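Just so we're clear, the structure is a prediction, and the values are computed from it rather than from any experiment.
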Amino acid sequence: MGSFLSKQMERRKAIRTQKKLLCDLKEKDNTDFPGCDYCPEDRKNWMSTLALDKLHVNKIVWPGTHDSATNKIGIPFISRPFARTQSLSIYNQLVMGTRVLDIRVQKDGRVCHGILVSYNVDAVISDVKKFLSETQSEIIILEIRTEFGHDDPPEFDKYLENQLGEFLIHQDDSVFNKTVAELLPKRVICVWKPRKSPQPKHGSPLWSAGYLKDNWIDTDLPETKFESNMKHLSEQQPVTSRKYFYRVENTVTPQADNPVLCVKPVTNRIRPHARLFIKECICRGYGDRLQIYSTDYIDEDFVNACIGLTNARIEGKL
């Protein structure tokens with residue numbers, strides 16, 4: 001017992017120390033960057049408010065959500081706090097400005113995270129289609145994967161093609177150099193990541209797993225995650241030189257050996273520092289590598305920061 005308590009005290013001290021390091025860095029350097037004061041007139045249609053003929057796919061800073069469809073996962077007040085990473089529905093996330101969705105499914109087609117389940121993936125697709133019907137120029141990256149430890153839903157690729165066919169942008173390396181205007185009226189890049197089923201092939205309506213990469217760091221320590229994200233981003237090529245999307249997740253994750261297991265208080269250790277990460281990317285020379293930027297509990301400020309940096313790229317300020 002004494003060893004356990006000692007370990008917990010050390011971890012709590014490490015968390016306090018790391019939170020202070022990020023706060024000190026924020027106070028020292030502030031969070032100003034090109035486009036930081038940009039505020040879109042309409043987040044629901046933010047792409048259409050920019051110059052679509054200059055808005056290249058590979059230069060967009062895509063605001064994304066981590067574990068996007070967990071707003072109703074598990075049992076309220078019992079298991080939900082341990083897995084919920086978003087409070088908004090898929091539709092409301094898109095209206096707020098989210099353009100990258102991270103969806104995990106199990107064999108029966110229900111959204112899940114580990115052993116906890118939520119609504120059927122039909123609800124996700126319905127929200128996506130509703131949003132697309134209400135907008136004209138917004139492009140979405142929809143990543144759907146079979147959750148670790150689960151089997152693929154049968155014939156899920158056909159299901160996605162049938163549901164989203166008219167909107168799907170086909171797998172093609174040339175897409176990265178195109179503008180949004182050149183891709184319209186097609187509006188969904190759907191990345192399907194099965195566990196055992198065949199990966200989508202070149203030219204398919206769906207995109208294979210290698211087109212959306214990240215380096216997941218499983219930690220509840222905010223400065224550790226911040227610097228690991230920076231290190232892995234520094235190892236990427238500039239966005240104009242690569243033919244895949246790279247995601248950075250501004251999140252930390254509850255750990256089983258720590259007393260705090262609810263998602264929100266843990267991820268809030270890093271959430272306030274989203275703009276600081278962008279500023280540090282630019283200061284350290286990696287501003288041309290940031291592309292998909294995701295968070296838990298997405299809010300308007302996070303979306304504004306991504307749109308502002310995107311607009312700065314269009315205007316040649318970065």
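Residues satisfying the side-chain hydrogen bond (donor to acceptor under 3.5 Å, both in side chains) test with Ser126, not counting sequence neighbours, are none. Residues that satisfy the side-chain hydrogen bond (donor to acceptor under 3.5 Å, both in side chains) test with Thr295, not counting sequence neighbours, are absent from this structure. Annotation: salt bridge (Lys or Arg N to Asp or Glu O under 4.0 Å) contacts of Glu300 (sequence neighbours excluded): Arg43.
Geometrically, Lys213 engages Tyr244 in a cation-pi contact, judged by NZ or CZ lying under 6.0 Å from the ring centre and within 45° of the ring axis.
One side chain, Arg187 or Thr135, offers a donor N or O that lies under 3.5 Å from an acceptor on the other. For Asp42 and Asn45, the side-chain atoms include at least one donor-acceptor pair closer than 3.5 Å. With 3.5 Å as the limit, one finds no donor-acceptor pair spanning the side chains of Thr224 and Thr219. Side-chain atoms of Asp296 and Thr267 include a donor-acceptor pair closer than 3.5 Å.
At a threshold of 4.5 Å between non-hydrogen side-chain atoms, the residues Arg84 and Lys264 do not count as touching. Between Ile15 and Arg269, some side-chain heavy-atom pair lies under the 4.5 Å cut-off. Side-chain contact between Cys262 and Phe82 is present, with at least one heavy-atom pair separated by less than 4.5 Å. When side chains are defined from C-beta on, Lys72 does not count as touching Ser89, because their heavy atoms never get closer than 4.5 Å.
At a threshold of 4.0 Å, the pair Glu143-Arg145 counts as salt-bridged, since one of the basic side-chain nitrogens sits closer than that to a carboxylate oxygen. Ionic pairing of Glu134 and Lys44 is present here: one or more N-O contacts between side-chain nitrogen and carboxylate oxygen are shorter than 4.0 angstrom. With respect to Lys225 and Asp220, no salt bridge is recorded, no charged nitrogen being found less than 4.0 Å from a carboxylate O. The existence of a salt bridge linking Lys158 and Glu155 is confirmed by a sub-4.0 Å separation between a basic side-chain nitrogen and an acidic carboxylate oxygen. Residues Asp102 and Arg104 are paired through a salt bridge, judged by an N-O separation under 4.0 Å between the basic side chain and the carboxylate. Note on Arg313 versus Asp288: no salt bridge recorded, every NZ/NE/NH1/NH2 to OD/OE distance being 4.0 Å or above.
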Name each donor-acceptor pair under 3.5 Å that joins a side chain in residues 26-40 to protein atoms two or more places apart or in another chain, with its distance.
from	atom 1	to	atom 2	distance (Å)
Lys26	NZ	Pro272	O	3.3
Asn30	OD1	Asp32	N	2.8
Asn30	OD1	Lys279	NZ	3.1

Table please: side-chain donor-acceptor pairs of residues 164-172 below 3.5 Å, with sequence neighbours left out.
from	atom 1	to	atom 2	distance (Å)
His170	ND1	Gly203	O	3.2
Gln171	NE2	Lys201	O	3.1
Gln171	NE2	Leu206	O	2.9
Asp172	OD1	Ser174	N	3.0
Asp172	OD1	Ser174	OG	3.1
Asp172	OD2	Ser174	OG	3.2

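The local environment of NZ in Lys186 is crowded, with over 12 non-hydrogen atoms from other residues, nucleotides or ligands closer than 6.0 Å. The neighbour count for Lys243 NZ, taken as heavy atoms of other residues, nucleotides or ligands under 6.0 Å away, is above 12. Residue-environment remark: CD1 (Ile115) stays at or below the threshold of 12 foreign heavy atoms within 6.0 Å. With a 6.0 Å radius and a threshold of 12 heavy atoms from other residues, nucleotides or ligands, Arg195 has its CZ atom above the threshold.
Exactly one of Tyr211, Phe176, Tyr293 qualifies for a ring pair (Phe, Tyr, Trp, His ring centres under 6.0 Å) with Phe245. That residue is Phe176. Evaluated for a side-chain hydrogen bond (donor to acceptor under 3.5 Å, both in side chains) with Thr65, the options Glu249, Gln86, Gln93, Arg99 yield exactly one hit, Gln93. Of the candidates Gln236, Gln237, Gln291, Gln291 is the only one forming a side-chain hydrogen bond (donor to acceptor under 3.5 Å, both in side chains) with Arg242.
Both Leu52 and Ile307 are part of a single hydrophobic cluster, where members link through side-chain heavy atoms under 4.5 Å apart. A continuous path of hydrophobic side-chain contacts links Val61 to Trp46 [ILVMFWY only; heavy atoms under 4.5 Å]. Hydrophobic clustering of Ile, Leu, Val, Met, Phe, Trp and Tyr side chains at less than 4.5 Å, counting indirect connections, keeps Val121 apart from Leu88.
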Stepwise side chain to side chain contact (heavy atoms under 4.5 Å, CB included) test for Asn215 and Ser228: CA-CA 9 Å; Asn215 292 96; Ser228 295; over 6 Å; no
Working for ring-ring contact (aromatic ring centres under 6.0 Å, His included), residues Phe226 and Phe277: CA-CA 7 Å; Phe226 188 97; Phe277 185 83; 5.3 Å; yes
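Once rounded to the nearest 0.5 Å, the distance linking OG1 of Thr146 with CD1 of Ile103 reads 13.0 Å. Here the CD1-OG distance, from Ile144 to Ser68, works out to 10.0 Å after rounding to the nearest 0.5 Å.
Distance alone, capped at 3.5 Å, places no donor-acceptor pair between the Asn250 side chain and the Ser294 backbone. Checking side-chain atoms of Gln255 against main-chain N and O of Thr253 turns up a donor-acceptor pair under 3.5 Å. A distance-only check finds a donor-acceptor pair linking the side chain of Ser234 to the backbone of Lys231 [under 3.5 Å]. Counting only distance, with no hydrogens or angles, the side chain of Thr179 and the backbone of Glu182 share a donor-acceptor pair below 3.5 Å. A donor-acceptor pair is defined here as one N or O able to donate and one able to accept, closer than 3.5 Å; no such pair exists between the side chain of His273 and the backbone of Pro222. A donor-acceptor pair under 3.5 Å links the side-chain atoms of His56 to the main chain of Lys54, judged by distance alone.
Checked against the 6.0 Å centroid criterion, the rings of His66 and Trp216 qualify as a close aromatic pair.
Residues in residues 107-122 take part in these salt bridge (charged side-chain N to carboxylate O under 4.0 Å, His left out) pairs, two or more places apart or across chains: Asp108-Arg110.
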